[in-house]
Amino acid sequence: MADSVEPPPLFENVDMKREEAEDDDLFESAVQSQPSANLCLEEDGHDLLNGDSDIGEEIDKLMLNDKSEMENVPINNQSTIATPTMEEVEAEGGDQFIEITITEPQKVGDGMGAYMAYRVLTHTNMPFFKKREFAVMRRFSDFLGLHDKLTEKYLKVGRIIPPAPEKNVIGKAKIKMAQSEQAGNGSDFIERRRAALERYLRRTSQHPVLIVDPDFREFLECDIELPKATNTSALSGAGVMRFINKVGETVNKITYKMEETDPWFENKLVHVEGLENQLRKLHYNVEAMVSYRKELANLTNGVSRSAAMLSVCEDHNLLSRALSQLADTEEKVEAVHMEQANTDFYILCEMLKDYLGLLGSVRDAFHERTKMFQLWQHSQQMLTKKREAKAKLELQGRTDKVDQAGVEVIEWEAKVERSQESFDRISKMIKLEMDRFEKCRIQDFKVTFIKYLENHMEHQAQLVKYWDDFLPEAKAIA
Amino acid sequence: MGDRVMGDDGTVSLTDNSLIVDISDALSEKDKVKFTVHTRTTLKNFNKPEFHVVRQHEEFIWLHDRYEENPVYAGYIIPPPPPRPNFDASREKLQRLGEGEGTMTKEEFNKMKQELEAEYLATFKKTVAMHEVFLTRLASHVMFREDEHLHVFLEFDQDLCARPRGRFQQFGGFVKSLGSTTDQYYLNVTVRDVHDFFEKQMNSLTEYHGKLKEGTVKTDKMTEKHKEVADSYIKISGGLVQLANIDPGPLDKYLMKVADGFEKARKLESRVASDEDLKLADTLRYYMRDSQAAMALLVRRLKCLATYEAANRALERARQKNKDIHAAPEVQEAEKAQTEACERFDSISTQAKEELLDFKTRRLHAFRKSLIELAELEIKHARTQQDLFKKSLQNLQELM
């Protein structure tokens, strides 16, 4: 069962004491289901196990210790959950931090095979990393590959995996600058992608389970070229399979209606859908504001130029000088408008977009639970069939076949029990994940809006200064 | 814009109350605007000391044309006529808003409607101001205020039978004639223009006018876009409120505060846009027209020069023809015509020189005033926004 290969969820909650009770239960079920896990693998062929043997070993070790030792295991990531500023962490051992930045996008290679490489720099004091500061070069497909691996491992147990940046980030024509030099347009796209990749890694590193994942750690610290993640290309065999699976999943999502026994999930889904709608609208409108402001900057430049030309053909000295100063001032104002548009975009717009993606990940986790439910229902149906078959054989007096049927009944009884446990486990996991997710979301929103307003305020202060400098020039006319 | 400049010999002193004209009321009716022109006067040539009439835009143009075609005023800069009232843009926007009503919340719709109505009102106020400024310039000018057409315009309480000239004629008419006449007269002048001064003035005025026109267009585009940016805040603050409504918990108060901040910032940003329009765009626009009026003066002068030239040539011909006749009547007539033309040309040249200097002074003062006011308003609004955000941040920090 998938559950046996994940680290205990002990580390996910800021208030360790509160969650102890739940941890107890999870541990028990993990231990109990261990023996049946192997059976399950062979028979069903359902690959519910995490393919990574590394983690499996670690978990085995951990499960044999008693709970008190768990608390001493230095994978305590409580500090990374709540805020990016570590001062606010309450729990013990809370001075652990990790900071990831992406810098220096460089073009590697020439011609058709050329690609952009990004430098991923990590500062951390977490003990399971080999050093405290390290950097590697990664290309875009490496990031996609990482995301795929993490999804493959953890989505099935109900984890919310931060989505990787989209391939095509250029977006609508609205965002294009009308008047930029050629280099400007290209570097705009690179900067957008760089920022998106940085946010992606930061979000992933905030997750207490994902941060310790060996693939993630390897991504951050192994200074070797990662095997080319060809499976991420849309046209590869894996890409096509992924597409087909996605279509199938989408159909499944639409057609299968699960009988919900736990209203928590129904309410949450409604809440998530509501959030998605509003965020989508908000994102659209913020995007519009960004494009208007960029246009405003360009038009301000036009005014600046006109003022400069007027200054040239104005024969009165002082007025000519004032007009030339006006041209300068408008040029500075143009720069402020542009900066503000960038603030609007990188701080506000991109955050909203990120959350639309994250809510998609939430839905994916919910969907995994639905699939578990389907599996459980299916098992129950099979069990019923096998029981009926056995009863029929008994009536017919076919004692030779009855034994076989009995064995099958027992097998399916076990399967029903396991799939029910899986379903319960994923339900619990999702609740935990949602709790963490909501805390992060709330914090993220708060911090982002504050940052946005601070920037906006600074820009207004700049405007005050520029016009203040101009005023004496205007007064000096005549 | 058209401020009464003290000490200029073209205008009466500010304390003179002998003829005060203003537009006391205006009514917008479908396609036209009706201005109530109100006059207070101590002059004897009027029937009453206070009276008013209703005039439409075409009648203002009629008045302007009467001044322009009068040779007595040839040496003066005739105040540019007010532009035609144009609410098309506003109307179109209101219509589009109505069509899009279903796509936005009631609150958003009301706010946008309010903004557009304010815009419509501002356009309306501007057109009233432009028509008023035209009249006050005439009423305060020592020569223009005596004109009988002005008196008729102010007092006659019937329609002036002003047939609205074809639109093309109104706008393009003058410009077209300007183009052809300058060439025509420049080519015909064989006598070198007595004053280099005027040739230089013509060139620099033409260039200046062109730059003013460009500046006006660019500033208009900028202020329009600025307004668009401000209006875009409406949907954002609306969206934040809706988000708060479906997200009960620690975030909803927070989001409401942010929404509030956006709404307040919007109003400030809107005001910046309209102040930029009033102080910068309108100043450029007015002086674009005034410089055009100055160019018209120079063309009239050139016309006069050509007439003078022609009179010279006619005199020569007459003298040739009547070489042997003493005191021939033809020659005497030609001499008289030539003397008149010379006098007229001299007087128009002298007058024009003064007018151009006056135009420069007027321009200087107007720009100075507008640029100072522009800068002061920009500072004020930016400071207010800065304070607004500071306060918002304080509120938000408390909610953290």
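Chain letters run A, B, ... following the sequence lines, proteins first, then strands; residues in each count from 1.
In terms of heavy-atom pairs under 4.5 angstrom with chain A, the leader among Asp231(B), Asn245(B), Val258(B) is Val258(B). For the options Thr219(B), Leu393(B), Leu399(B), heavy-atom pairs under 4.5 Å to chain A are most numerous at Leu393(B). For chain A, the option among Glu276(B), Lys221(B), Arg363(B) with the highest count of heavy-atom pairs below 4.5 Å is Arg363(B).
The side-chain heavy atoms of Lys446(A) and Leu396(B), taken from C-beta on, include no pair separated by under 4.5 Å. Between Glu295(A) and Val229(B), every side-chain heavy-atom pair lies at or beyond the 4.5 Å cut-off. Side chains of Leu374(B) and Phe470(A) form no contact here, defined as non-hydrogen atoms less than 4.5 Å apart.
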Check your understanding: Between Glu438(A) and Leu251(B), is a side-chain contact (heavy atoms from CB on, under 4.5 Å) present by the stated rule, with each step listed?
Key -> CA-CA 10 Å; Glu438(A) 284 291 83; Leu251(B) 213 46; over 6 Å; no
Exercise for review: Start with the C-alpha gap between Leu299(A) and Thr223(B), add the side-chain angles, then the distance that decides, and say whether side-chain contact (heavy atoms from CB on, under 4.5 Å) holds.
Suggested key: CA-CA 9 Å; Leu299(A) 293 171; Thr223(B) 56; over 6 Å; no
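Within the structure, the ring pair (Phe, Tyr, Trp, His ring centres under 6.0 Å) test picks out no pair touching residues 292-321 of chain A (sequence neighbours left out).
At a 4.5 Å heavy-atom cutoff, the contact between Lys281(A) and chain B is made by side-chain atoms alone. Within the 4.5 angstrom heavy-atom criterion, atoms from both the backbone and the side chain of Glu454(A) approach chain B. Heavy atoms closer than 4.5 Å to chain B are found nowhere in Leu318(A), neither backbone nor side chain. At a 4.5 Å heavy-atom cutoff, the contact between Leu296(A) and chain B is made by backbone and side-chain atoms alike. At a 4.5 Å heavy-atom cutoff, the contact between His337(A) and chain B is made by side-chain atoms alone.
Put simply, CZ on Phe367(B) and CG on Leu323(A) are 6.5 Å apart, with the number rounded to the nearest 0.5 Å. Taken to the nearest 0.5 Å, the CZ atom of Phe445(A) stands 11.0 Å off from the OH atom of Tyr254(B). If you take CD on Glu228(B) and OG on Ser291(A), they are separated by 8.0 Å, rounding to the nearest 0.5 Å.
Pairing each heavy atom of Ala382(B) with each of Val464(A), the nearest pair is CB-CG2, 3.4 Å. Considering every non-hydrogen atom in both Ile236(B) and Met289(A), the closest pair reads CD1-SD, 3.5 Å.
Using cut-offs of 30° and 60° for the angle between ring planes, the Phe262(B) and Tyr452(A) rings count as parallel.
The pair Arg441(A)-Asp247(B) meets the salt-bridge criterion, since a charged nitrogen lies less than 4.0 angstrom from a carboxylate oxygen. Ion pairing of Lys211(B) with Glu314(A) is absent here, as no side-chain N (NZ or NE/NH1/NH2) approaches a carboxylate O to less than 4.0 Å.
For the residue pair Gln460(A) / Gln386(B), no side-chain donor-acceptor distance below 3.5 Å is found, with atom types taken as modelled.
In terms of the side-chain hydrogen bond (donor to acceptor under 3.5 Å, both in side chains) criterion, residue partners of Lys126(B) (sequence neighbours excluded) are, by chain and number, Asp277(B), Asp282(B).
Test Arg383(B), Glu376(B), Glu378(B) against Asp468(A) for side-chain contact (heavy atoms from CB on, under 4.5 Å) and you get one pass: Arg383(B).
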